Amino acid sequence: QVQLVESGGGLVQPGGSLRLACTASGIIFSSFAMGWYRQAPGKSRVLVAAIAPGGTTSYANSVKGRFTCSRDDAKNTVYLEMNSLESEDTSVYYCNADGRAVDPRYDYWGQGTQVTVST
């Protein structure tokens, strides 16, 4: 059984920081591209950061320079360090594991973790 579990969400003031983590089981983690998505109320789910098996990262323009995505294959974990948080970052953040290069059926999602940026 494949499972992705996010943690680290919570309430933070504008300008503050949080670190999210997503730990995977049931997959060969090192072979999967990992991504962080967010979905705010009334909005579509959008990609905010991704990291390839080799460690190459990409970011949405809205978070460039503020968020950093990293992975620790020995721990089957991907991280999202979020700095200089703004109210617009408030969302549910979801972890995604994409192994479709191995098999087209291999695409998995975590349950999500709430991030609220507010005074």
Side-chain angles (χ1 to χ4, degrees):
Q1 181 179 343
V2 175
Q3 188 174 29
L4 304 178
V5 179
E6 298 103 330
S7 61
L11 175 64
V12 65
Q13 294 182 354
S17 299
L18 284 174
R19 188 183 72 167
L20 307 183
C22 170
T23 299
S25 59
I27 65 171
I28 303 175
F29 182 85
S30 61
S31 297
F32 278 68
M34 303 299 299
W36 288 97
Y37 292 72
R38 67 188 183 190
Q39 187 169 21
K43 300 292 186 179
S44 299
R45 187 174 299 186
V46 298
L47 178 68
V48 298
I51 184 165
T56 301
T57 55
S58 60
Y59 301 93
N61 287 334
S62 58
V63 307
K64 281 182 180 177
R66 300 188 298 120
F67 290 11
T68 302
C69 186
S70 61
R71 66 191 295 158
D72 186 341
D73 288 349
K75 296 181 178 179
N76 283 9
T77 299
V78 61
Y79 303 93
L80 185 67
E81 182 181 343
M82 304 183 293
N83 301 311
S84 301
L85 284 162
E86 306 165 353
S87 61
E88 293 79 9
D89 297 315
T90 295
S91 189
V92 178
Y93 284 72
Y94 296 91
C95 178
N96 171 256
D98 185 351
R100 288 175 292 175
V102 177
D103 188 296
R105 299 168 296 177
Y106 292 173
D107 190 63
Y108 307 105
W109 293 90
Q111 82 288 348
T113 186
Q114 176 71 47
V115 172
T116 302
V117 185
S118 178
T119 58

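Keep in mind the model is a prediction, meaning the values are calculated, not measured.
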Colleague: Give a yes or no on this: more than 12 heavy atoms of other residues, nucleotides or ligands lie within 6.0 Å of atom CD1 of Ile28.
Modeller: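 Not more than 12 within 6.0 Å, no.
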Colleague: Taking atom CZ of Arg19 and atom OG1 of Thr68, what is their separation to the nearest 0.5 Å?
Modeller: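 Reported to 0.5 Å precision, the distance equals 12.0 Å.
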Colleague: Establish whether Val102 and Leu4 are linked, either directly or via other cluster members, by ILVMFWY side-chain heavy-atom contacts under 4.5 Å.
Modeller: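 Result: yes, single cluster for both.
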Colleague: For the atom pair CZ (Phe32) and CG (Asp73), what is the distance rounded to the nearest 0.5 Å?
Modeller: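 Separation between the atoms: 12.0 Å.
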Colleague: Can you name the nearest heavy-atom pair linking Val5 to Gln111, along with the distance?
Modeller: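 Reported closest heavy-atom pair: CA-OE1, 3.6 Å.
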Colleague: Using only atom types and a distance under 3.5 Å, with no angle test, would you say the side chain of Asp107 pairs donor to acceptor with the backbone of Gly99?
Modeller: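 A pair under 3.5 Å: no.
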Colleague: Quick one: do Val78 and Cys69 satisfy side-chain contact (heavy atoms from CB on, under 4.5 Å)? Show the steps, please.
Modeller: CA-CA 7 Å; Val78 61; Cys69 186; 3.8 Å; yes
Colleague: Applying side-chain contact (heavy atoms from CB on, under 4.5 Å) to Val115 and Met82, what does each step give before you reach the verdict?
Modeller: CA-CA 10 Å; Val115 172; Met82 304 183 293; 3.9 Å; yes
Colleague: Side chains of Ser7 and Thr113: does their closest heavy-atom pair fall under 4.5 Å?
Modeller: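 A side-chain contact under 4.5 Å is absent here.
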Colleague: To the nearest 0.5 Å, how far apart are CD1 in Ile51 and CH2 in Trp36?
Modeller: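 So the gap between those two atoms works out to 11.5 Å.
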Colleague: Can you see which heavy atom on Gln114 is nearest to which on Ser91, and at what distance?
Modeller: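 Looking at all heavy atoms of both residues, the shortest contact is NE2-O, 3.4 Å.
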Colleague: Ring-plane angle category for Trp109 and Tyr94, please: parallel below 30°, perpendicular beyond 60°, tilted otherwise.
Modeller: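 Perpendicular.
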Colleague: Can a donor-acceptor pair be found, under 3.5 Å and without considering hydrogens, that links the side chain of Glu6 to the backbone of Gly112?
Modeller: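 Yes, because the side chain of Glu6 sits within donor-acceptor range (under 3.5 Å) of the backbone of Gly112.
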Colleague: When rounded to the nearest 0.5 angstrom, what distance separates CE in Met34 from CG in Asp98?
Modeller: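 Separation between the atoms: 9.5 Å.
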Colleague: Have Thr23 and Asn76 got a donor and an acceptor in their side chains that come within less than 3.5 Å?
Modeller: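 Asn76 and Thr23 do not have a side-chain donor-acceptor pair below 3.5 Å.
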Colleague: Is it possible for you to say whether Phe67 and Val117 belong to one hydrophobic cluster, with membership spreading through side-chain heavy-atom contacts below 4.5 Å?
Modeller: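 Looking at the clustering, Val117 is in the same group as Phe67.
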Colleague: Counting only heavy atoms not in Gln13, do more than 12 sit closer than 6.0 Å to its CD atom?
Modeller: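 Result for CD/Gln13: open.
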Colleague: Between the main-chain N or O of Ala52 and the side-chain N or O of Arg71, is there a donor-acceptor pair closer than 3.5 Å?
Modeller: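 At least one qualifying donor-acceptor pair exists.
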Colleague: May I ask you to check if Arg66 and Tyr59 form a cation-pi contact, with NZ or CZ under 6.0 angstrom from the six-membered ring centre and within 45° of the axis?
Modeller: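 Output no; distance or angle outside limits.
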Colleague: Please check: side-chain N/O of Ser84 versus main-chain N/O of Gly15, any donor-acceptor pairing under 3.5 Å?
Modeller: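 Not at all, since once roles are kept as given, no pair shorter than 3.5 Å links the two residues.
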Colleague: Heavy atoms only: give me the nearest Leu85-Leu18 pair and the separation to one decimal.
Modeller: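 Residues Leu85 and Leu18, closest heavy atoms: CD1-N, 3.9 Å.
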Colleague: Do the side chains of Tyr106 and Val2 get nearer than 4.5 Å, heavy atoms only?
Modeller: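 They are not in side-chain contact.
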Colleague: Looking at every heavy atom in both Gly35 and Leu47, which two are closest together, and how far apart are they?
Modeller: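 What the structure gives for the nearest pair is CA-CD1, 4.4 Å.
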Colleague: Before giving the answer on side-chain contact (heavy atoms from CB on, under 4.5 Å), spell out for Val92 and Tyr37 the whole-Å C-alpha distance, their side-chain angles and the decisive distance to 0.1 Å.
Modeller: CA-CA 8 Å; Val92 178; Tyr37 292 72; over 6 Å; no
Colleague: Give me the atom names and distance for the closest heavy-atom approach of Gly9 to Leu20.
Modeller: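 Heavy atoms only, the tightest pair is N-CD2, 3.6 Å.
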Colleague: May I ask you to check whether Thr90 and Thr116 show a side-chain donor-acceptor distance below 3.5 Å?
Modeller: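 Distance-only check fails for Thr90 and Thr116.
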Colleague: Rounded to the nearest 0.5 Å, what separation is found between the SG atom of Cys22 and the OH atom of Tyr93?
Modeller: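 Reported to 0.5 Å precision, the distance equals 15.0 Å.
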Colleague: Determine the minimum heavy-atom distance between Ala97 and Ile27, stating which atoms define it.
Modeller: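 Heavy atoms only, the tightest pair is CB-CD1, 4.0 Å.
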Colleague: Is there a side-chain contact between Glu81 and Ser17 (heavy atoms, below 4.5 Å)?
Modeller: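 Answer no - side chains too far apart.
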